A.B. asks: 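Attaching a single structure in structure tokens format; questions to follow.
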Amino acid sequence: MSAHRYDSIMYKVLILGGGGREHALAWKIGQSRLCQQIFVAPGNAGTDIIAENLDLNLMDFDQIKETVDRLEIDYLIVGPEAPLVAGIQDYFSDHQVKVIGPSKVAAQLEGSKAFAKQFMRSFNIPTAGYIEVTKDNLAEGLAHIAEVKGQIVLKADGLAAGKGVIILESKKKAKKVLKEMIDGKFGAASSTVVIEDFLDGVEFSVFVLTDGKNYRLLPIAKDYKRIGEGNKGLNTGGMGAISPVGFVDDKMMHQVIEDIIEPTIEGLQILEYDYKGIIFLGLIAVKGKPYVIEYNCRLGDPETEVILPRLDSDLMALFVAMHDGTLDQQDVRFTKNAAATVMLVSGGYPEAYEKGKTIRLDPKINDAIIFHAGTKRTAGEVVTNGGRVIAVTSLAKSHKKAVKKSLANINKIHFDQMYYRKDIGQDV
Ligand code: AMP
Ligand code: GLY
């Protein structure tokens with residue numbers, strides 16, 4: 001069976017989400033010879049140029065089904081984690097639409113830190129040591145903190161909008177925060193807390209496509225989570241990203257594959273989990289050895305904005321093969337050129353910020369790709385509609401040169417209180 005089999009087939013695709021990741025997905029899938037039409041829900045002012053935006057609630061599966069039926073959608077590509085963790089794949093398991101994303105139980109790898117830790121422990125996958133704490137063994141948790149040497153990592157078990165990981169120096173503060181978390185600081189998401197050993201190293205992200213038994217790697221990336229230059233200040237969804245990542249050499253990747261990716265896929269098979277989707281590994285290299293910081297069950301944002309522009313293969317063909325269980329027959333090819341993306345954000349983000357600022361975008365963008373994130377079209381103009389507004393991606397011989405190109409193009413984009421980091425990729 002070769003890729004030719006699909007030559008005459010064209011699919012209708014619905015992408016769920018409305019960020020830079022989903023604009024990049026729509027942009028890449030739009031280049032596929034297998035794609036007939038793309039819808040994005042809710043989308044943004046960028047996706048509405050290359051696809052049709054739909055106003056859907058991503059957690060209302062009945063509403064999504066009605067739309068899938070009416071528009072005869074063939075593939076549902078799920079951008080963010082929340083619908084996956086809530087079971088959108090299971091909801092459509094008897095439906096003709098093909099969902100790219102894992103089943104509800106497998107999505108617990110992202111949806112529950114305790115579940116992910118137990119999975120890694122069962123399959124001997126390197127990760128930080130930990131204990132699990134609930135109100136029933138709070139005393140054990142407090143005693144554990146008293147014993148920890150160095151920083152203390154507290155993680156809310158469930159999804160907490162990226163805020164559920166708290167790293168503290170002071171044992172006294174850590175005990176207080178642990179109690180607050182158990183008492184509902186993050187609602188039900190923190191009724192279980194994972195206390196983890198602190199790992200000191202450099203982080204990077206590996207994205208794996210899988211059909212549940214075969215896998216293929218996408219380009220490696222690194223994102224910049226902190227709001228401030230020099231990696232200072234509050235955590236954000238991501239202020240920029242680069243791909244590839246220089247310090248991740250063949251030896252490191254060999255360990256990632258052997259010690260982490262293969263045992264993960266094997267674990268999913270042993271547990272008979274349905275996983276036709278993306279495994280996003282948040283990794284940290286400590287003294288030359290990779291450890292898993294977290295699993296995610298989707299693509300990263302803004303990592304997608306650097307990975308997909310480097311991908312030479314047909315992404316839709318890869319998704320089709322992931323669903324059909326034929327990923328072993330696909331090659332993933334990508335350009336040697338490096339990519340960098342710089343995120344333009346609203347002033348005040350990641351805390352309070354205003355929306356509705358007019359965006360002026362000079363059409364003479366030179367050799368960069370503009371991925372919209374929090375934008376929308378109103379009365380003929382494009383306005384800001386979120387904290388992360390636009391990702392500016394460039395390709396060049398090195399990621400430093402790519403960042404330069406993005407920065408030169410950012411001079412052609414304006415909105416009131418626009419902020420961005422000029423130092424993406426400068427530390428590696
Ligand atoms: P997560 O939400 O699991 O990605 O965690 C957010 C961030 O916290 C990660 O990107 C790391 O920078 C940091 N982090 C999480 N776990 C650890 C750990 N065990 N040791 C050191 N840093 C960590
Ligand atoms: N950039 C990190 C994430 O998408 O979770």
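Start at 1 and go down the list; that is how both ligands and their atoms are numbered. Residue indices begin at 1 and follow the sequence shown. Predicted model only: the values in this text are computed from it and were never measured.
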A.B. asks: Could I get the full list of salt bridge (Lys or Arg N to Asp or Glu O under 4.0 Å) partners for K401, not counting sequence neighbours?
C.D. replies: none

A.B. asks: Kindly give the heavy-atom pair with the smallest separation between E305 and T393, and that separation in Å.
C.D. replies: O-OG1, 2.9 Å

A.B. asks: Under the side chain to side chain donor-acceptor pair (under 3.5 Å) test against R377, which residue among D48, N385, N53, N44 passes?
C.D. replies: D48

A.B. asks: Measure from the side-chain N and O atoms of R226 to the backbone N and O of G233, and report whether any donor-acceptor pair falls under 3.5 Å.
C.D. replies: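 Checking the backbone N and O of G233 against the side chain of R226, a donor-acceptor pair under 3.5 Å is found.
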
A.B. asks: List, pair by pair, the atoms of ligand 1 and of the protein that are both N or O and lie under 3.5 Å apart, giving the separation rounded to 0.1 Å.
C.D. replies:
| residue | atom | partner | partner atom | Å |
| --- | --- | --- | --- | --- |
| ligand 1 | 3 (O) | K113 | NZ | 3.1 |
| ligand 1 | 3 (O) | E294 | OE1 | 3.3 |
| ligand 1 | 4 (O) | E294 | OE1 | 2.9 |
| ligand 1 | 4 (O) | E294 | OE2 | 2.8 |
| ligand 1 | 10 (O) | E203 | OE1 | 2.8 |
| ligand 1 | 10 (O) | K225 | NZ | 3.4 |
| ligand 1 | 12 (O) | E203 | OE1 | 3.3 |
| ligand 1 | 12 (O) | E203 | OE2 | 2.4 |
| ligand 1 | 16 (N) | K155 | NZ | 3.0 |
| ligand 1 | 19 (N) | E196 | OE1 | 2.6 |
| ligand 1 | 19 (N) | D197 | O | 2.9 |
| ligand 1 | 20 (N) | L199 | N | 2.8 |

A.B. asks: Please say whether the positively charged group of K422, taken as NZ for Lys or CZ for Arg, lies over the ring of Y420, i.e. under 6.0 angstrom from the six-membered ring centre and within 45 degrees of the axis.
C.D. replies: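 The answer is yes; both the distance and angle limits are met.
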
A.B. asks: Determine whether a donor-acceptor pair (N or O, by modelled atom type, separation under 3.5 Å) exists between the side chain of R310 and the backbone of N337.
C.D. replies: yes

A.B. asks: Check whether S313 reaches the backbone of R333 with its side chain - one donor and one acceptor, N or O, closer than 3.5 Å.
C.D. replies: yes

A.B. asks: Residues two or more places apart in sequence or in another chain: which of them pass side-chain contact (heavy atoms from CB on, under 4.5 Å) with F61?
C.D. replies: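 Residues passing side-chain contact (heavy atoms from CB on, under 4.5 Å) with F61: I64, P83, A86, I88, Y91.
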
A.B. asks: Could you list each N/O atom of ligand 2 together with any protein N/O atom closer than 3.5 Å, one pair per line with the distance?
C.D. replies:
| residue | atom | partner | partner atom | Å |
| --- | --- | --- | --- | --- |
| ligand 2 | 1 (N) | D223 | OD2 | 2.8 |
| ligand 2 | 1 (N) | G237 | O | 3.4 |
| ligand 2 | 1 (N) | D301 | O | 3.0 |
| ligand 2 | 1 (N) | E303 | OE1 | 2.9 |
| ligand 2 | 1 (N) | E303 | OE2 | 3.3 |
| ligand 2 | 4 (O) | R298 | NH1 | 3.1 |
| ligand 2 | 4 (O) | D301 | N | 3.0 |
| ligand 2 | 5 (O) | R298 | NH1 | 3.4 |
| ligand 2 | 5 (O) | R298 | NH2 | 2.9 |

A.B. asks: Counting only heavy atoms not in K376 (residues, nucleotides, ligands), do more than 12 fall under 6.0 Å from its NZ?
C.D. replies: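 Count not over threshold, so no.
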
